[in-house]
Amino acid sequence: MMWNSMIAAVRRGDLAHANKCQRMQNKMLHAIFANGFNDGVHKRLLKYVWGFDLGPVRCPISEPSDQHWKQIEKQLDAMNYREFAMAKF
């Protein structure tokens, strides 16, 4: 929803809204990459935002540790990322 909202905002000339969305995405990316890259975080992020449990990752990708995910989740919660990502603009 957020990416579509951002594209629609650019098309209608609402650059302030597009900028707001982009800044939130940048914060989210910083939160998930601050402790190193892990593809498994992306699956956890889908579950965090949308509630989709896609099961465990497959080799050679590893699951993020619970401690690592809790750090990410704490940062995402602090910025109300779930609500922002699910918002209808």
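The model shown is predicted, which means the values in this text are computed figures rather than measured ones. All residue numbers refer to positions in the sequence shown, counting from 1.
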I need the minimum non-hydrogen distance between Ile72 and Ala31, along with the two atoms involved. CG1-O, 3.6 Å
Of all heavy-atom pairs between Asp53 and Lys47, which one has the smallest distance, and what is that distance? OD2-NZ, 3.6 Å
Residues in side chain to side chain contact (heavy atoms under 4.5 Å, CB included) with Asp14, at least two apart? Ala9, Arg12, Ala16, His17
Work out which heavy atom in Gln25 is nearest to a heavy atom in Met6; give both atom names and the distance. CG-CE, 4.2 Å
Separation between CG (Asp77) and CD (Glu83), nearest 0.5 Å, reads 7.5 Å
Kindly work out whether a path of hydrophobic side-chain contacts (I/L/V/M/F/W/Y, heavy atoms less than 4.5 Å apart) joins Leu54 to Met86. yes
Between Gly40 and Ile61 the two heavy atoms that sit nearest each other are N-CG2, 3.6 Å
Cluster question for you: counting only ILVMFWY and a side-chain heavy-atom cut-off of under 4.5 Å, with indirect links fine, are Val57 and Leu45 together? no
Set of residues satisfying salt bridge (charged side-chain N to carboxylate O under 4.0 Å, His left out) with respect to Lys70, sequence neighbours excluded: none
State whether the side chain of Arg44 and the backbone N or O of Trp69 hold a donor-acceptor pair below 3.5 Å, judged by distance alone. no
Using side-chain heavy atoms (C-beta onward) and a distance below 4.5 Å, is Glu73 in contact with Tyr48? yes
One should read off an interatomic distance between Met24 CE and Leu29 CG, to the nearest 0.5 angstrom, of 12.0 Å
Identify the two heavy atoms, one from Lys43 and one from Pro56, that lie closest to each other, and give their separation to 0.1 Å. NZ-O, 3.2 Å
Closest non-hydrogen atom pair, Ile32 against His68: O-NE2, 4.5 Å
Calculate, to the nearest 0.5 Å, the distance between atoms NZ and OH belonging to Lys27 and Tyr81 respectively. 12.0 Å
Apply side-chain contact (heavy atoms from CB on, under 4.5 Å) to residues Met28 and Leu76 and explain how you reach the verdict. CA-CA 7 Å; Met28 180 272 297; Leu76 296 174; 3.8 Å; yes
Are Phe84 and Leu15 connected in the hydrophobic side-chain network, where two residues link if heavy atoms are under 4.5 Å apart? no
